[in-house]
Structure formats: structure tokens, C-alpha cells
Amino acid sequence: MPPNILFILIDGLRSDQVFNDNRTCITPNIDFLKNNGTSFSQAISSADGTILSLNSIINGLYPNSIGTRSQKIIFKENNLIQFLLDCGYNIYGFLPKLTSFQSFIELCTNKNITYEPGPPTIPLSKTGEKILDFLDSKPSDPWFYFLHIFDLHALREGSIPNGLHDFDTEEFGHSKYERVVSSIDHWIGKILKKIDLKNTIVILTADHGEKIPIDDKDITKFEPKLESITKLGRNTLPKFSHNLGGKFLYGFRKSVASFKINQANKGLSSYQKRSRLPHFSMSLYDESIRIPLIFLGVDIKTKSITKQVASVDIFPTIADLLEKPLTVKLDGNSLFPFFNNEEIPENPIYLHTMPHQETHDDDSIGIRTSTYKFFRHARTIGKNVHLYNLENDPFENFNIADDSQNIID
């Protein structure tokens with residue numbers, strides 16, 4: 001009987017929240033996975049948004065091979081889920097109830113597959129018992145259970161997640177982000193107690209990273225609320241003027257915020273300034289695309305790999321772990337040799353921002369190696385060009401593109 005597979009994807013979890021010694025979140029259960037499995041501290045997602053990232057993981061292909069403006073999960077002919085079905089696996093899931101996930105939801109055969117993802121819902125603190133109940137129900141072996149954990153996403157929406165009160169102290173992290181990570185880890189511990197690790201492969205990763213605002217102050221903290229003025233306007237001005245008044249107050253708030261944030265950002269590095277940009281700003285900086293990747297389970301040794309690897313490598317790695325090598329050509333390469341103390345060449349990784357529905361100047365494409373990262377405007381060569389020496393400048397504070405045309409070429 002092949003091993004069961006528990007796939008834990010934590011939406012928006014940065015690599016440094018798992019591997020950086022200076023992190024302040026409390027993660028004994030993620031640490032257990034890291035310290036007893038094979039971990040990859042330089043794993044890179046091909047995109048800074050959920051759908052493109054998931055499509056790359058599921059298909060083992062870069063976004064340009066799937067569709068860069070896709071708004072939903074796409075299963076190409078040779079994909080991870082079909083591969084597992086062909087291997088006799090039962091497919092189960094715990095996924096956000098979103099139209100973009102519908103094709104995945106339809107492939108899962110368990111009950112209680114979905115949860116409401118909108119703010120201020122936090123799935124693990126509110127519905128984590130559904131995961132535990134499912135594992136208690138003795139699902140049919142062999143099973144593949146995909147958990148998409150959305151807790152950190154509430155911060156993206158500008159909401160404080162429900163259920164955070166038990167972790168909302170300095171003890172569990174210096175920022176709201178880190179405290180949510182601590183709360184997620186608490187539930188991961190409960191989940192791990194429900195499974196037989198002797199017959200289960202556990203994979204923990206993320207779709208993309210996230211900005212963590214310096215001093216826990218993002219751009220919204222600098223905007224005046226103007227609640228009393230808004231209320232007065234609604235009560236005293238004629239209705240036909242409400243729309244115009246709303247637009248004026250919106251522009252005023254943004255203008256005040258821009259002034260305040262410029263003052264607050266004096267003396268900060270580029271990395272620190274970027275941390276205060278809106279969460280949905282498109283970005284190919286490492287805080288948005290560097291993710292954790294850990295494999296634990298049957299015959300997987302304890303190792304820490306620092307070489308660059310890609311999220312597109314996950315699918316072919318699972319195939320080799322199951323001793324069912326793929327015969328199709330994917331963009332990803334199996335990481336299985338690392339488990340056997342072998343070395344494999346490091347490949348450059350293709351990058352693409354998660355585009356908005358309309359084309360935008362922030363749409364970018366790029367390439368990353370362990371040494372350099374290059375990205376530019378997605379449609380115009382020579383526009384918005386960035387180059388960073390990741391060895392000398394890991395926080396990407398200094399764009400060296402103007403002085404390094406030979407490297408760009």
C-alpha cells in the first residue's frame with residue numbers, strides 16, 4: 001500500500017517565518033517537521049499570487065506554460081491530481097469556497113470540503129475541527145489530503161482574524177503576521193497527532209510570501225478615518241452628492257496617508273519601505289515569492305538543503321517518492337536525489353507577477369538564480385528593469401541594473 005499524503009499549503013507563509021533564527025513566531029510543530037524531515041530553505045514560487053502559484057504546483061509547469069492571466073485553477077492533461085488518481089489515491093481537500101477553486105473542489109470526495117474565506121473568517125480557529133473530524137473518520141487508504149490554510153489572508157484584507165485573541169501577545173510574535181503563524185502552528189500540531197507518520201508523507205509549503213509591515217504599520221495605519229465627517233455628510237448633504245463626496249474623502253485620505261508615510265519612511269531601506277505597500281501590490285521581491293518547503297515521512301531523512309529549488313519541483317518529487325517516475329516533460333525537476341545525498345544542478349527559475357484583470361505597468365516577468373534576480377516589465381523590454389545581487393544584497397535594497405548590462409544580457 002503506498003503511503004498517505006498530507007499536503008499543507010499555508011497561504012502567504014514566508015520562508016523566513018520557518019527558517020530565520022530571528023523570527024519571533026512560536027512554531028514547535030513546524031519545527032518538528034523541519035527537524036525530522038528534508039527542508040528546503042531557498043524554495044521559490046513562480047508567482048506572487050495564489051492562482052498562478054497553485055497552477056504551477058499542481059501542473060509542475062511555469063505560468064507561461066499554463067496561462068498567466070488565469071483566474072482559476074487549471075488542470076493540464078498531466079497534473080498532480082490525475083497522477084495520484086491513476087496511482088489509486090482517494091482525493092480529499094479542505095479548500096476556500098471560491099469560484100477560482102471550483103475545479104479542484106469537484107475532484108475532492110470528502111464532506112466539508114470548503115470553508116468561507118472572506119474576512120474576518122479564519123479557517124483553522126473556526127473550522128479546524130472539521131479537519132480533525134475528517135482524520136478521525138478513517139479516510140480510505142491511500143489518501144491525498146490537500147489543506148489550503150487561509151488564516152494569513154485576513155491580514156491581506158485589512159482584517160484581524162477571529163480567534164487570534166489566544167495568540168495576540170508579544171509571546172507569540174512581534175507582529176500580527178507572526179502571531180497568526182503561531183496560531184496556525186498550534187493547529188498543525190493537533191492535525192499531526194491524528195495521522196500515522198509511519199505511513200504518511202507530510203508536505204508543508206506555501207503559494208507565495210507576504211509583506212510584513214515594519215513596526216506593524218501598513219499604509220492603512222496612516223490614513224485618517226474621517227468617520228465623523230463621513231457620517232455628518234451622509235446625514236446633511238443631499239443623496240445625489242454622496243458619491244462625489246465619497247470620492248473626495250477617498251482622495252483626501254490617500255493624500256494624507258501619502259504625506260504621513262513619506263515622513264515615516266525617512267531613513268528606511270527600500271525593503272522596509274516596500275513592507276508598507278498595499279498587500280495586493282504585485283511584486284517579485286523575495287518577501288513575496290520565497291516560501292518554505294518541507295518533506296517528512298516514509299524513508300525521508302533529516303536534511304537541510306540551502307540550494308535554490310522551485311515550487312514546480314514538488315509534483316515530480318512526489319512521483320519519485322511514490323516510485324512512479326513521470327514519463328512526461330515538466331518544467332520542474334524531482335528533488336528526490338537530495339533525499340539520497342546526491343547533488344543536482346541548480347536551474348534558473350522563471351517568475352511572473354499575478355496580473356490584475358486589466359494590464360498594469362507593475363506586471364513583471366523575471367528570472368532568479370541563487371546569485372542574481374532579474375525582472376522587468378512583462379510586455380516591454382527595457383522598462384522597469386531590476387537586477388539584484390542576492391548574495392551581497394539579500395533584501396534587494398540596491399538595484400544594480402544600470403551598471404550591470406552584461407549580467408542582464
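In terms of heavy atoms, Ser283 sits closest to Ile289 at O-CG2, 4.2 Å. The two atoms that bring Leu52 and Pro355 nearest to each other are CD1-CD, 3.8 Å, heavy atoms only. For the pair Leu61 and Ile66, the tightest heavy-atom approach, listed with the atom from each and the gap, is O-CD1, 3.6 Å. Nearest heavy atom pair, residue Tyr350 against residue Ile365, reads OH-CG2, 3.5 Å. Of all non-hydrogen atoms in Ser404 and Leu387, the two that sit nearest each other are CB-CD2, 3.4 Å. Of all heavy-atom pairs between Asp48 and His208, the closest is O-CG, 3.5 Å.
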Is there a ring-ring contact (aromatic ring centres under 6.0 Å, His included) between Phe375 and Tyr285 once you walk through the steps? CA-CA 9 Å; Phe375 60 92; Tyr285 292 103; 5.4 Å; yes

The test is side chain to side chain contact (heavy atoms under 4.5 Å, CB included); show your working for Arg14 and Asn20 and say whether it passes. CA-CA 10 Å; Arg14 292 163 49 138; Asn20 191 329; over 6 Å; no

Between Asp286 and Arg274, is a salt bridge (Lys or Arg N to Asp or Glu O under 4.0 Å) present by the stated rule, with each step listed? CA-CA 11 Å; Asp286 265 14; Arg274 293 196 306 268; over 6 Å; no

Run the side chain to side chain contact (heavy atoms under 4.5 Å, CB included) test on Leu13 and Ile149 for me, step by step, so that the C-alpha distance in whole Å, both residues' side-chain angles and the decisive distance to 0.1 Å come before the verdict. CA-CA 10 Å; Leu13 180 62; Ile149 307 305; over 6 Å; no

Intermediate values then yes/no, salt bridge (Lys or Arg N to Asp or Glu O under 4.0 Å), Asp363 and Arg379: CA-CA 8 Å; Asp363 289 351; Arg379 297 171 300 281; 3.0 Å; yes

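Within a 6.0 Å sphere centred on NZ of Lys130, other residues, nucleotides and ligands contribute more than 12 heavy atoms. No more than 12 heavy atoms of other residues, nucleotides or ligands lie within 6.0 Å of NZ in Lys97, so this atom counts as exposed by the packing criterion. A 6.0 Å sphere centred on CD of Glu323 holds no more than 12 heavy atoms belonging to other residues, nucleotides or ligands. The local environment of CG in Asp136 is crowded, with over 12 non-hydrogen atoms from other residues, nucleotides or ligands closer than 6.0 Å. The environment of NZ in Lys193 is sparse: at most 12 heavy-atom neighbours from other residues, nucleotides or ligands sit within 6.0 Å. Enclosure of atom CD in Glu77 is not indicated, since only 12 or fewer non-hydrogen atoms of other residues, nucleotides or ligands lie within 6.0 angstrom.
Under the 3.5 Å distance criterion, with hydrogens and angles disregarded, no donor-acceptor pair is assigned to the side chains of Ser370 and Gln308. Neither side chain, Thr200 nor Asp196, offers a donor N or O lying under 3.5 Å from an acceptor on the other. A donor atom on one side chain and an acceptor atom on the other are found under 3.5 Å apart for Asp207 and Thr50. Asp409 and Gln405 share a side-chain donor-acceptor pair at under 3.5 Å. Judged by distance alone, the side chains of Asn384 and Ser364 never bring a donor and an acceptor atom under 3.5 Å apart. For the 3.5 Å distance criterion, the side chains of Asp320 and Ser334 qualify, holding a donor opposite an acceptor.
At a threshold of 4.5 Å between non-hydrogen side-chain atoms, the residues Ile212 and Gln17 count as touching. Asn333 has its side chain out of reach of Ile344: every pair of non-hydrogen atoms, C-beta onward, lies at least 4.5 Å apart. Two residues are said to be in side-chain contact when any heavy atoms from C-beta on lie closer than 4.5 Å; Phe374 and Leu351 fail this criterion. A heavy-atom distance below 4.5 Å is found between the side chains of Phe336 and Leu321. Side chains of Ile8 and His148 form no contact here, defined as non-hydrogen atoms less than 4.5 Å apart. Within the 4.5 Å cutoff, the side chain of Phe167 has heavy atoms near those of the His186 side chain. Between Arg290 and Ile44, some side-chain heavy-atom pair lies under the 4.5 Å cut-off. Here the side chains of Ser65 and Asp331 are in contact, with some heavy-atom distance below 4.5 Å.
Salt-bridge annotation for Lys34 and Asp185: absent, with no side-chain N of the basic residue lying under 4.0 Å from a carboxylate O of the acidic one. For the pair Lys373 and Asp393, the salt-bridge criterion is not met [side-chain N within less than 4.0 Å of a carboxylate O].
Taking the six-membered ring where the residue is Trp, Phe104 and Phe75 present perpendicular rings, their angle passing 60° and hence far from 30°. Under the 30°/60° scheme for interplanar angles, the aromatic rings of Phe395 and Tyr271 are found to be tilted.
Aromatic ring centres of Tyr145 and Phe94 lie farther apart than the 6.0 Å criterion allows.
Considering Asn110, Leu6, Asn112 in turn, Asn110 is the only one that fulfils the side-chain contact (heavy atoms from CB on, under 4.5 Å) rule with Tyr92. None of Asn4, Asn90, Ile81 except one satisfies the side-chain contact (heavy atoms from CB on, under 4.5 Å) rule with Phe144; the exception is Ile81. The salt bridge (Lys or Arg N to Asp or Glu O under 4.0 Å) with Arg179 is formed by just one residue from the set Asp168, Asp216, Asp166, Asp151; it is Asp168.
Not a single donor-acceptor pair under 3.5 Å links the side chain of Asn265 to the backbone N or O of Leu268. No donor-acceptor distance shorter than 3.5 angstrom exists from the side chain of Gln82 to the backbone of Asn79, with no hydrogens or angles considered.
Of the inter-residue distances, the one linking Glu178 atom CD with Asp16 atom CG reads 8.0 Å to the nearest 0.5 angstrom. A distance of 13.0 Å separates OH in Tyr177 from OG in Ser275, rounded to the nearest 0.5 Å.
Applying the ring pair (Phe, Tyr, Trp, His ring centres under 6.0 Å) definition to pairs two or more places apart or across chains, those involving residues 24-43 are Phe40-Phe338.
Remark: Phe7 engages Phe146 in a ring-ring contact (aromatic ring centres under 6.0 Å, His included) (not counting sequence neighbours).
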